[in-house]
Amino acid sequence: MNRVLDHKWDLDKKEVIALQKTLAGGVIREDSFERLKYIVGVDVAYRNRDDIVSAAAVVLDVDTLDIIETKTINDIAKFPYIPGLFSLRELPPIINALEQLTITPDLLVCDGNGIAHPRRFGIACHLGILFDIPAIGCAKTRLTGEHSQVGPIRGDFVPLIDRDEVIGSVLRTQNEIDPVYVSPGHRVSLETTRKLILKLSPRYRLPETTRLSDRYARRALAEI
DNA sequence: GCGACAG
DNA sequence: ATCTTGTCGC
Ligand SMILES: [Mg+2]
């Protein structure tokens, strides 16, 4: 698969924020896709000792959740982790892994937020925009936004709100288990984002895409 | 200035 | 996210 857009990555904090504000204008928050058959989960594993990182892209069939294709790559971290600028650290290796895939996936699932971000441009938006492919984000903890308490049953959810705007959902994927924070990344609506994450999380708190990509990335890092 | 803060 | 020893359980 190939990018339809690219930009400089060697930027300082100030430049990244400016870039996010510019690219955020291109994010599409409504459903805009033909089909959602092949779903790809992406994640990165880190080794602090030498800053070597491994990224994995795992393609699943959305209906059976069977693994269709997987690719892993090794790289070096070139940007620190800064809340709000997460995509600059994690996206380079992820893009590298995605470009190794022979299949062009219909949906990108990120381990982090989409528009549930201070500038409405989390990692799922950034990745979705670069490939112009539908994307959604599923974070384990909150970055920004407020919400009321969510019900205890799988499927229960409450809106995540920031500055009078709904930016995502706090979704219970398993009964009695901590909820996740889901938000649109690109070309997917709030409702479809919830429906997809729920479908991808039939047995565990996190979607299979996130669980598998995390596992493959760590396995690759352990081998070098 | 203080507190918050995806992975 | 990673670091980090032993320890509990199947
Ligand atoms: Mg991760």
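We name chains A, B, ... by the order of the sequence lines, and we start the count at 1 in each one. All figures in this text were calculated on a predicted structure; none of them were measured in a lab.
Relative to the ring axis of A:Tyr181, A:Arg142 does not place its NZ or CZ within 45° and under 6.0 Å from the centre.
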task: Dot-bracket notation for DNA chain B is requested: 5' to 3', Watson-Crick or G-U wobble pairs only, both distances under 3.5 Å, with ( ), [ ], | and . as defined.
output: .......
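Proximity of the aromatic rings of A:His126 and A:His7 is defined here by a centroid distance below 6.0 angstrom, and this criterion is met.
Salt bridge A:Asp106/A:Arg35: present, at least one basic N to carboxylate O contact under 4.0 Å. A salt bridge is defined here as a Lys NZ or Arg NE, NH1 or NH2 lying under 4.0 Å from an Asp or Glu carboxylate O, and A:Asp10 with A:Lys78 fails to meet this definition. Look at A:Asp61 and A:Lys37 and you find a salt bridge, because one of the NZ, NE, NH1 or NH2 atoms lies within 4.0 Å of a carboxylate O, short of that distance. A salt bridge links A:Arg211 and A:Glu208; the closest N-O separation between the charged side-chain nitrogens and carboxylate oxygens is under 4.0 Å. A salt bridge does not link A:Glu30 to A:Arg187: none of the charged nitrogens lies less than 4.0 Å from a carboxylate oxygen.
A:Glu99 pairs by the salt bridge (Lys or Arg N to Asp or Glu O under 4.0 Å) definition with A:Arg3, not counting sequence neighbours. In this view, A:Lys13 satisfies the salt bridge (Lys or Arg N to Asp or Glu O under 4.0 Å) rule with no residue, not counting sequence neighbours. In this view, A:Asp111 and A:Lys140 satisfy the salt bridge (Lys or Arg N to Asp or Glu O under 4.0 Å) rule, not counting sequence neighbours. Partners of A:Asp12 by salt bridge (Lys or Arg N to Asp or Glu O under 4.0 Å), not counting sequence neighbours: none found.
Stems are defined here as 3 or more consecutive Watson-Crick or G-U wobble pairs with pairing distances under 3.5 Å; none involve DNA chain C.
Residues A:Tyr216 and A:Ile67 have side chains in contact (heavy-atom distance under 4.5 Å, counting atoms from C-beta outward).
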Report all interatomic pairs (protein N or O, nucleotide N or O of nucleotides 5-7 of chain B) with separations under 3.5 Å.
residue	atom	partner	partner atom	Å
B:dC5	OP1	A:Arg142	NH2	2.7
B:dA6	OP2	A:Tyr81	OH	2.5
B:dA6	O4'	A:Asn113	ND2	3.4
B:dA6	N7	A:Gly84	N	3.1
B:dA6	N6	A:Gly84	O	3.3
B:dA6	N6	A:Phe86	N	3.2
B:dA6	N1	A:Ile123	N	3.3
B:dA6	N3	A:Asn113	N	3.1
B:dA6	N3	A:Asn113	ND2	3.4
B:dG7	OP1	A:Lys140	N	2.5
B:dG7	OP2	A:Thr141	OG1	2.9
B:dG7	O3'	A:Asp111	OD2	2.9

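Only at 4.0 angstrom or more do the heavy atoms of residues 202-224 of chain A sit from any atom of DNA chain B, so none qualifies.
The stretch residues 79-97 of chain A participates, sequence neighbours left out, in no salt bridge (Lys or Arg N to Asp or Glu O under 4.0 Å) pair at all. Within the structure, salt bridge (Lys or Arg N to Asp or Glu O under 4.0 Å) pairs that include any residue of residues 215-224 of chain A comprise A:Asp214-A:Arg218 (at least two apart or interchain).
Hydrophobic side-chain contacts under 4.5 Å tie A:Leu221 into a cluster, directly or through other members, with A:Ile52, A:Ile224.
If you walk DNA chain C from 5' to 3' and mark each nucleotide with an atom closer than 4.0 Å to a heavy atom of chain A, the marks span C:dA1 to C:dT2.
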